[in-house]
Student: 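Provided herewith is a single structure, encoded as structure tokens, for subsequent inquiry.
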Protein chains: 4
Amino acid sequence: MTRTAGVVGGSGFTGGELLRLLDGHPEFEPVQATSRSYTNKTVGNVHPNLRHLDLRFSDPEDLESVDVLFTATPHGVSMGQIDEFRDAADTVVDLSADFRLPSEDYYDDWYDGHERPELLAEAEYALPELNRENLAGADLIAAGGCNATATICGLLPLYEHGVLSGDERLVVDVKVGSSEGGATGSKASHHAERSGIVRPYAPTGHRHEAEIEAYLGASVSFTVHAVDMIRGASATIHAFPGERVTKGDLWGAYREQYDDEPFVRMASGGGDVYRYPEPKSVAGSNFAEVGFELDPRNGRIVVFSAIDNMMKGSAGQAVHAANLALGLEETAGLEFTGFHPVGAP
Amino acid sequence: MTRTAGVVGGSGFTGGELLRLLDGHPEFEPVQATSRSYTNKTVGNVHPNLRHLDLRFSDPEDLESVDVLFTATPHGVSMGQIDEFRDAADTVVDLSADFRLPSEDYYDDWYDGHERPELLAEAEYALPELNRENLAGADLIAAGGCNATATICGLLPLYEHGVLSGDERLVVDVKVGSSEGGATGSKASHHAERSGIVRPYAPTGHRHEAEIEAYLGASVSFTVHAVDMIRGASATIHAFPGERVTKGDLWGAYREQYDDEPFVRMASGGGDVYRYPEPKSVAGSNFAEVGFELDPRNGRIVVFSAIDNMMKGSAGQAVHAANLALGLEETAGLEFTGFHPVGAP
Amino acid sequence: MTRTAGVVGGSGFTGGELLRLLDGHPEFEPVQATSRSYTNKTVGNVHPNLRHLDLRFSDPEDLESVDVLFTATPHGVSMGQIDEFRDAADTVVDLSADFRLPSEDYYDDWYDGHERPELLAEAEYALPELNRENLAGADLIAAGGCNATATICGLLPLYEHGVLSGDERLVVDVKVGSSEGGATGSKASHHAERSGIVRPYAPTGHRHEAEIEAYLGASVSFTVHAVDMIRGASATIHAFPGERVTKGDLWGAYREQYDDEPFVRMASGGGDVYRYPEPKSVAGSNFAEVGFELDPRNGRIVVFSAIDNMMKGSAGQAVHAANLALGLEETAGLEFTGFHPVGAP
Amino acid sequence: MTRTAGVVGGSGFTGGELLRLLDGHPEFEPVQATSRSYTNKTVGNVHPNLRHLDLRFSDPEDLESVDVLFTATPHGVSMGQIDEFRDAADTVVDLSADFRLPSEDYYDDWYDGHERPELLAEAEYALPELNRENLAGADLIAAGGCNATATICGLLPLYEHGVLSGDERLVVDVKVGSSEGGATGSKASHHAERSGIVRPYAPTGHRHEAEIEAYLGASVSFTVHAVDMIRGASATIHAFPGERVTKGDLWGAYREQYDDEPFVRMASGGGDVYRYPEPKSVAGSNFAEVGFELDPRNGRIVVFSAIDNMMKGSAGQAVHAANLALGLEETAGLEFTGFHPVGAP
């Protein structure tokens, strides 16, 4: 039984990735993609990898009824249209920041005034590694932020297994690619300005800190740099645990946490060229790669976590959560394992 | 019924891509990958995208019997081991240049002395768009050169439909990525030397000219430039037909030739940013994208053809041919359509 | 005696490069840079390499009197303001396409209606290798197009020394970087869309053909591809001379033409990694690098010519011409030789 | 009066950069460049930007007497040949790690057994911002490590002006380009493996920590990532001072420290696209760019420091120190201010 799926905001980067995943999914069929700017144009007009797809963008006003609706709108839009979205579909997966935080308090701390704060507690955070049990049957799901996702995947075993308590001050240095800023052209995203950079674009106060604190109880000092890649987010986390830990302790925590997770892969010191997690290793896939190293000089744990921000960091995570919500095979449509060699990709 | 498959030369770029395709293929199971340098190491040690794969490289001397054997060895190696390869498998697909040319005359013109010239006529050229009818049941198949493949895909309709006769002098300007030179590090392939380049690396006398002449009857003036991408080959072909042609003539020829081809996609003037074939649009996929433009000032036809050299230009083409040889679904294991946005990838 | 210099359009890429050259020039002092969007902002606000410069953008309406005025405005603007520009300075060097072509006939063939056609014959083409004798004392100078400059530098010796007669049909395949499209952000110039590309952006009808025909008498079939670099234009020219030529003939022609030229450098087959002209080798410098190869199979000459489009292709050429116009040392302020290793740069 | 200069190890990246600087220097003349692999080849054969230079590599055994000798040899070589070097020149500037640390204790902690430990105290650390007063007349100078240089430039004002005391635990996350690993090709430096990466290559225990501790008294937790650029090192430093500081305190410390420094430039929050220090902004120049931000949530200071590792991080710093040692104009030969736009470069 095929489920129908719609994508609101189908001409953006995330919308295109959703359409690609839905097109290749054994259970979902993409029947609608909306775009104000490209109404009536074919999807392949914007996303050249989907030239074979027989689908045209439709006006966002004309929403069809579908089994599952993915909304990839700018922050602040979904909260105003959420009733309309939920009328159109039994299951809504929102990929904006609108429903990611668990309460109005958190939201107000980091954003400006929520229009529908009562829904914050109702929405389920999409990250299955953190929240699998609540996703089955969920009808309102909020995909996490990509940088938060990378960080949470890296840190989760340390909090779950008591290596960190929440009192430690963590430094998180994240490197991101140019797809993270969305598809709209600007001076800062111009190839001549954006190539070859190491650009501090959110030195302090990045909003993804909020999710990490809300869901892990971690206190993070977060800094994001834009580097020269397209897809990919890499989080390097520096933690100083209260008590010395061994590599064995860490391996134990990570293995116990992730051995059965279909989309988390360890990379920690082995390998030839690729010894630690790298965005390249997971590019195009829904994997998070995590690894760590111990600094014997100062008792520091350095954790590395790499994802494809378009996949595990947004569209892939959303489809993963939708699979769980609808009771499908968890990995359906997400089996792609990545390339080698590969660019950004 | 799963077919067993082996890869000789599994630690190189092409070998890794074959293993990825075989791993994701519904009918093939990769049971052996040989590598002299990495014997007993896991495949994931070299190819980080295959970290999940439970397979170790084995010594090339210990060849197992398989249904199909893919040989990704340096040029000149296969011809010396071909009997051994054919003993190990009913179907051998060779990805080197050893069996690509149709006769000893052609071979001697471009290479040095073939050890088994009698097999040149026996081997089938793998490109299905050119040679589909002879691939069913073939037991020795030779994958084409990547630059030749891109050029042939661009030109085929013009020769098949009489737009070009073979008397014209064609200029072919090809741009290639860094995966084309193989995985071995060198000064020329060093990132600091290879990034941001437009480097004429085969100004004249490129051996892929031979295939184009042999299979199309075309006389080509070929020049290859290395540019800053990893995967991808893009051929721009400048032709001056004896008689003026219209865009309608060209559309007719290309559509008739390619409308039913599962792995050729037209891109010719439409689209938003992506108006013509580009390696990015097909990166990771088995598609060739072809398109053209007419220059009214001088009657020139400009043809563009873009492929992923690791896919349509080698490993994908090889699996495509193997599917046909073994009577499987032609597109099996090759359905991936590419990404947007994407790097090289 | 320092000469004062002004730049109209100082916040664009070409304007910034002019300001950098003028700042480092022993004889010129940049006293004004206009910018409508950045009026009153410091020059370093836009061009981070000029943070040390004590100069603010001024309103384009308030033009100061200077010795030499460089106008880096969009095409079509200079022709309307040229009287104002010439009132402000004894010497005007225009970097747009407005005064590049020698006559109204040429202009009308490629552009739409010139407002001041009588000035086309008066303006001097800035390329010293072609027009040095007329630049001394010139008061209206038009910098050439970057792609035309690369092509002309490559072809000039062949026409001057009778290797080509003008009857041959030349194919010119040009690769350009992302600075060529200017500083304004757009969807096509977005890093995620523009990285790793081989994109045919002017398959036919590129306007720089006009200059090449006008000044060399050559008939060129021109195709331009955007590739992944920032600065740089590389022209590969395929010519089939009426009579066979030898490498000795070619070396003779190029040496005679260029041995005394301070900004043309031969690169033809020698060298370690860098055997032919490449944009990387000249990045940041005012050099054109030229080289060639002969194809014995078909009598083809392949000529390679590489420049930094921001230097030899625009700002550097303009300063070079201004040096000659004002009777200064020809190479003043342009001695920088480039880097190794280097990115695009 | 021109000073003669020699470069030992002239075919490497650092050696080439030294030759470029010496060639353009008003007071130095490069009279010798040694290279075992390229003996008798022209310098331009390896460094295409120096094709105009009339100089051939000579055998390292045949050292000429010069005024100043720059030694760009692999770590561990200089200490064994230092007497020979000092016999050949009154002033030796070593660019390896051999003489960077102040004492044998430091050295043994991070490296293996020094052959000439008594020279460690004699050698002067080349960084003028830290050690200008001791460089005049120095006859043995040791250029600092590039990552250490970036970090020290960022931190120096905080230690000099009491914002940090040395008791704080600092996290330093450094991003470096591919020139840092030297010119020798390898699998890890292959363009296909090295492009588009965020690769943790020294998660812990990086030897440049030693210099930072030795010269600043800082306790640093250092992690280095390789990213997709060629030149450039960017250090992001996270510090938690014992007492809250204001932006005014920080501006005061940085201005007082650096206002008169010719090669340190502040970039802290202003600007259009380039708001903080970036390797692109200083590429090709001898500038260090430094800036900072305060995180009000947790009292964190985030310091950014960017250099061109080939310039301020090695060859430029060495020439700067040589200028001071020989009593020349401090900025001689180092005035280049960088490009915009620019790649890595």
Side-chain angles (χ1 to χ4, degrees), chain B residues 169 171 173 175 177 186-188 190-201 203-205 209 219-223 225 227-234 236 238 240 269 272-280 283 291-298 300 302 304 306 340-345, chain C residues 169 171 173 175 177 186-188 190-201 203-205 209 219-223 225 227-234 236 238 240 269 272-280 283 291-298 300 302 304 306 340-345:
Chain B
R169 201 158 47 185
V171 170
D173 197 298
K175 291 89 180 169
S186 73
K187 199 171 168 194
H190 190 300
H191 178 269
E193 307 287 18
R194 181 66 179 72
S195 290
I197 62 169
V198 179
R199 177 171 299 162
Y201 92 89
T204 63
E209 284 188 28
S219 170
V220 293
S221 287
F222 213 76
T223 296
H225 297 82
V227 299
D228 195 346
M229 61 181 176
I230 294 179
R231 289 161 174 249
S234 161
T236 298
H238 309 263
F240 299 88
D272 185 39
V273 169
Y274 298 83
R275 307 184 65 233
Y276 297 100
E278 294 191 28
K280 275 181 71 138
F292 55 81
E293 204 52 77
L294 267 181
D295 189 342
R297 288 189 172 258
N298 49 28
R300 177 175 51 136
V302 192
F304 301 103
H340 179 242
V342 66
Chain C
R169 200 158 48 185
V171 170
D173 196 297
K175 292 89 181 168
S186 73
K187 198 172 167 193
H190 190 299
H191 179 269
E193 308 286 18
R194 181 65 178 72
S195 289
I197 62 168
V198 179
R199 177 171 299 162
Y201 93 89
T204 64
E209 284 188 29
S219 170
V220 293
S221 287
F222 212 76
T223 296
H225 297 82
V227 300
D228 195 346
M229 61 182 176
I230 294 179
R231 290 160 173 250
S234 162
T236 299
H238 309 263
F240 299 87
D272 186 39
V273 169
Y274 298 84
R275 307 183 66 233
Y276 297 100
E278 295 191 27
K280 275 181 72 138
F292 55 80
E293 204 52 76
L294 267 181
D295 189 342
R297 288 190 173 258
N298 49 28
R300 176 176 52 136
V302 192
F304 302 102
H340 178 241
V342 66

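Just so it is clear: chains get the letters A, B, ... in the order the sequence lines come, proteins before strands, and each one is counted from 1.
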Student: At their closest point, which heavy atom of B:N298 faces which heavy atom of C:V220, and how far apart are they?
Tutor: ND2-O, 4.1 Å

Student: Looking at B:F222 and C:R300, what are the two nearest heavy atoms and their distance?
Tutor: O-NH2, 3.0 Å

Student: Quick check for you: among B:S234, B:P200, B:A188, which has the greatest number of heavy-atom pairs under 4.5 Å with chain C?
Tutor: B:P200

Student: Which heavy atom in B:D173 sits nearest to a heavy atom in C:H238, and how many Å separate them?
Tutor: OD2-NE2, 3.4 Å

Student: Please walk me through it: do B:F304 and C:V198 pass side chain to side chain contact (heavy atoms under 4.5 Å, CB included)?
Tutor: CA-CA 10 Å; B:F304 301 103; C:V198 179; over 6 Å; no

Student: Can you tell me which of C:F240, C:Y276, C:Y201 forms the most heavy-atom pairs within a distance under 4.5 Å of chain B?
Tutor: C:F240

Student: Working to the nearest 0.5 Å, report the span between OG of C:S221 and CZ of B:R297.
Tutor: 10.5 Å

Student: B:H190 versus chain C, heavy atoms under 4.5 Å apart: side chain, backbone, both or neither?
Tutor: neither

Student: Pick whichever of B:L294, B:T236, B:V302 has the most heavy-atom pairs under 4.5 Å with chain C.
Tutor: B:T236

Student: What's the separation between atom CG in C:D295 and atom CD in B:E209, rounded to the nearest 0.5 Å?
Tutor: 6.0 Å

Student: So that I can tick it off, tell me whether C:D228 and B:K175 are bridged by a salt bridge, with the cut-off set at under 4.0 angstrom between side-chain N and carboxylate O.
Tutor: no

Student: Using only atom types and a distance under 3.5 Å, with no angle test, would you say the side chain of C:R275 pairs donor to acceptor with the backbone of B:R199?
Tutor: no

Student: How far apart are the closest heavy atoms of B:A192 and C:K280, and which atoms are they?
Tutor: O-NZ, 2.8 Å

Student: Say you draw a straight line from OG1 of C:T223 to CD of B:E293; how long is it, rounded to the nearest 0.5 Å?
Tutor: 9.5 Å

Student: Is B:F292 in contact with chain C via its backbone, its side chain, both, or neither, using a 4.5 Å heavy-atom distance?
Tutor: neither

Student: Which atom names give the shortest non-hydrogen contact between B:E278 and C:I197, and what distance separates them?
Tutor: OE1-CG2, 3.8 Å

